[in-house]
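Everything on this sheet refers to the single structure shown next.
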Amino acid sequence: MTHDHHRPRLTAVRVRNRRATVSALLALAAITLAAGCSSGGGNKSDTSSTPSSAKSTKTVSAEEAQARKAVVAAYRAMTGEQVKAYAKGSLSGSKITDYATGKALRDVKNDVFINMQNGIVSKGEPKVIASESGVEVNFDGIPKTATLRLCFDQNTWTPIDKKTGKSVAPPNQVKRYTITANLENQGDRWRVTDEKADKERTC
């Protein structure tokens, strides 16, 4: 139509023919465009869905999956033995050596000894918020090692004075924080070798 506007000397017939031709071309272009959009839209949809469906994920071997599960279980078991020892102020009958070794074991023994001297026991039990996804296993070295990152919540675990029955927890104590624990595979089981609390990092 712009073309017609710039050529006013065309005869009426030629103008009508030109307009008819332009209209036909526009209609054809519209059909083609619609078909193209439909086809393009379908392809775009297929293309956009392909990367998500083909997104690569790390495959965990059966050995690693089993190790991760055992690492979490070992840490939970060690904590369970701690709870029992702290509750009675003694390691008598404890199975802590099945789940802790090295510095981790020494720390537990020292804590129990200090609590016993001061007449302190603990009531309740902490919450260990840990999952297998928080475990990194290294099979290259001897022994095999692992690192476990977890959330430790001791809001339900309180040190008590045996004589007064009152809490002796330090005021403003951070009671929910992250812990990074290191473990070794010794013989037929995983044992915690040491752990570090990050009380600046809540969870």
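Index from 1, following the sequence.
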Residue list, side-chain hydrogen bond (donor to acceptor under 3.5 Å, both in side chains) with [X], at least two apart or on another chain:
| X | answer |
| --- | --- |
| Lys162 | none |
| Thr147 | Asn182 |
| Gln186 | Glu184 |

### Message
Checking Arg149 against Glu136 for the salt bridge (charged side-chain N to carboxylate O under 4.0 Å, His left out) test, could you report, in this order, the C-alpha distance in whole Å, the side-chain angles of both residues, the deciding distance, and whether it holds?
### Response
CA-CA 9 Å; Arg149 292 178 178 81; Glu136 292 180 9; 3.5 Å; yes
Is there a continuous path of hydrophobic side-chain contacts, each under 4.5 Å between heavy atoms, that joins [X] to [Y]?
| X | Y | answer |
| --- | --- | --- |
| Trp157 | Val121 | no |
| Ile129 | Val192 | no |
| Ile160 | Tyr86 | no |
| Ile120 | Val112 | no |

### Task
Walk me through it: do Leu148 and Thr180 pass the test side-chain contact (heavy atoms from CB on, under 4.5 Å)?
CA-CA 6 Å; Leu148 168 64; Thr180 300; over 6 Å; no
### Query
When you check the gap from the basic side-chain N to the acidic O, do Asp153 and Arg176 get nearer than 4.0 Å?
yes
### Message
If the threshold is 4.0 Å, N to carboxylate O, is there a salt bridge linking Lys144 and Glu63?
### Response
yes
For a quick test of reading the model, state the closest non-hydrogen atom pair linking [X] to [Y] and the distance between them.
| X | Y | result |
| --- | --- | --- |
| Glu81 | Ser94 | OE1-OG, 3.5 Å |
| Ala169 | Ser167 | N-OG, 3.2 Å |
| Gly124 | Val83 | O-CG1, 3.7 Å |

### Task
Any pair with a residue in residues 163-184 that passes ring-ring contact (aromatic ring centres under 6.0 Å, His included), sequence neighbours left out, goes on the list, sorted by first then second residue, please.
Phe152-Tyr177
### Task
For Asp111, check salt bridge (charged side-chain N to carboxylate O under 4.0 Å, His left out) against everything at least two apart and list the hits.
none
### Task
I would like to know whether Asn185 and Thr145 meet side-chain contact (heavy atoms from CB on, under 4.5 Å); could you show each step before the answer?
CA-CA 6 Å; Asn185 184 259; Thr145 59; over 6 Å; no
### Query
In the hydrophobic cluster built from side-chain contacts under 4.5 Å, what are the other members alongside Phe113?
Met116
